[in-house]
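Step one of this worksheet: look at the structure below.
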Amino acid sequence: GTVFCDIAARTGTTSITGTLTLSDDDVEIDSWDIDVNSSYVTIADNFDAISGCTYKLVLNADVIANKIIEPVEKTVIKVC
């Protein structure tokens, strides 16, 4: 399988920090730390997927723009 997360924040964003977590039946498979001083970040990676399994990808991040912290949370669930 492929994990892909693309965050493109608004103009004025100075940093993006957080974690992207991949799990299967609430068991963590892998995670990626996010810590960039820019308005965009892309995470792309591969993992060994099992057909018929349900995978969950959870993004928890803080986007800082104009000294204001905006939390971003997103969950995607897919069956392989």
Side-chain angles (χ1 to χ4, degrees):
T2 301
V3 170
F4 185 82
C5 178
D6 193 27
I7 303 170
R10 66 178 181 233
T11 302
T13 297
T14 54
S15 68
I16 302 170
T17 60
T19 305
L20 182 67
T21 305
L22 175 67
S23 62
D24 171 18
D25 292 325
D26 293 325
V27 175
E28 184 177 308
I29 295 172
D30 208 343
S31 67
W32 299 264
D33 291 327
I34 302 166
D35 189 2
V36 295
N37 293 319
S38 69
S39 61
Y40 63 91
V41 62
T42 299
I43 297 170
D45 205 351
N46 294 313
F47 68 100
D48 293 328
I50 299 171
S51 182
C53 285
T54 300
Y55 294 95
K56 179 167 62 172
L57 191 62
V58 178
L59 171 67
N60 286 300
D62 288 327
V63 176
I64 301 174
N66 301 318
K67 299 182 182 177
I68 298 172
I69 299 172
E70 183 179 341
V72 176
E73 297 179 10
K74 177 73 176 176
T75 300
V76 176
I77 299 172
K78 297 284 183 181
V79 177
C80 184

Identify the heavy atoms of Ile16 and Ala61 that sit nearest to each other, and give their distance. CG2-CB, 4.5 Å

Using the rule that two of Ile, Leu, Val, Met, Phe, Trp, Tyr join whenever any of their side-chain heavy atoms come within less than 4.5 Å, decide whether Val72 and Val76 are in one cluster. no

Assess, by modelled atom type and distance only, whether the side chains of Thr17 and Asp35 contain a donor and an acceptor separated by less than 3.5 Å. no

How long is the span from the OG1 atom in Thr54 to the NZ atom in Lys78, to the nearest 0.5 Å? 11.5 Å

Treat each ILVMFWY residue as a node, draw an edge where side-chain heavy atoms are under 4.5 Å apart, and state whether Ile29 and Ile43 are in one component. yes

In terms of heavy-atom contacts, Val63 and Ala9 come closest through CG1-CB, 3.8 Å

Would a 4.5 Å heavy-atom cut-off, applied to side chains only, mark Leu57 and Phe4 as touching? no

Between the CD1 atom in Ile69 and the OG atom in Ser15, the distance rounded to the nearest 0.5 Å is 8.0 Å

For the hydrophobic clusters of this structure (ILVMFWY residues joined by side-chain heavy atoms under 4.5 Å, transitively), does one cluster hold both Ile77 and Leu20? no

Value rounded to 0.5 Å, distance of CD1 in Ile68 from CG in Asp62: 13.0 Å

Run Asp6 and Thr42 through side chain to side chain donor-acceptor pair (under 3.5 Å) and show every step you take. CA-CA 4 Å; Asp6 193 27; Thr42 299; 2.7 Å; yes

Given Ile7 and Ile34, is the side-chain contact (heavy atoms from CB on, under 4.5 Å) satisfied, shown in steps? CA-CA 10 Å; Ile7 303 170; Ile34 302 166; 4.3 Å; yes

As an exercise, state the distance from OG1 of Thr2 to CG of Asp45, rounded to the nearest 0.5 Å. 8.5 Å

Can you confirm whether Phe47 sits close enough to Asp30 that some side-chain heavy atom of one is under 4.5 Å from a side-chain heavy atom of the other? no

OH (Tyr40) with more than 12 external heavy atoms under 6.0 Å: no

Are Val58 and Val3 connected in a single hydrophobic cluster, I mean Ile/Leu/Val/Met/Phe/Trp/Tyr linked by side-chain heavy atoms less than 4.5 Å apart? no

Looking only at heavy atoms, which two atoms of Cys80 and Tyr55 are closest? And how far apart? CB-CE1, 3.8 Å

Between Ser39 and Arg10 the two heavy atoms that sit nearest each other are CB-O, 4.1 Å

Which atom names give the shortest non-hydrogen contact between Ser38 and Thr13, and what distance separates them? O-CG2, 3.8 Å

Under a 4.5 Å cut-off applied to non-hydrogen side-chain atoms, are Lys56 and Asp26 in contact? yes

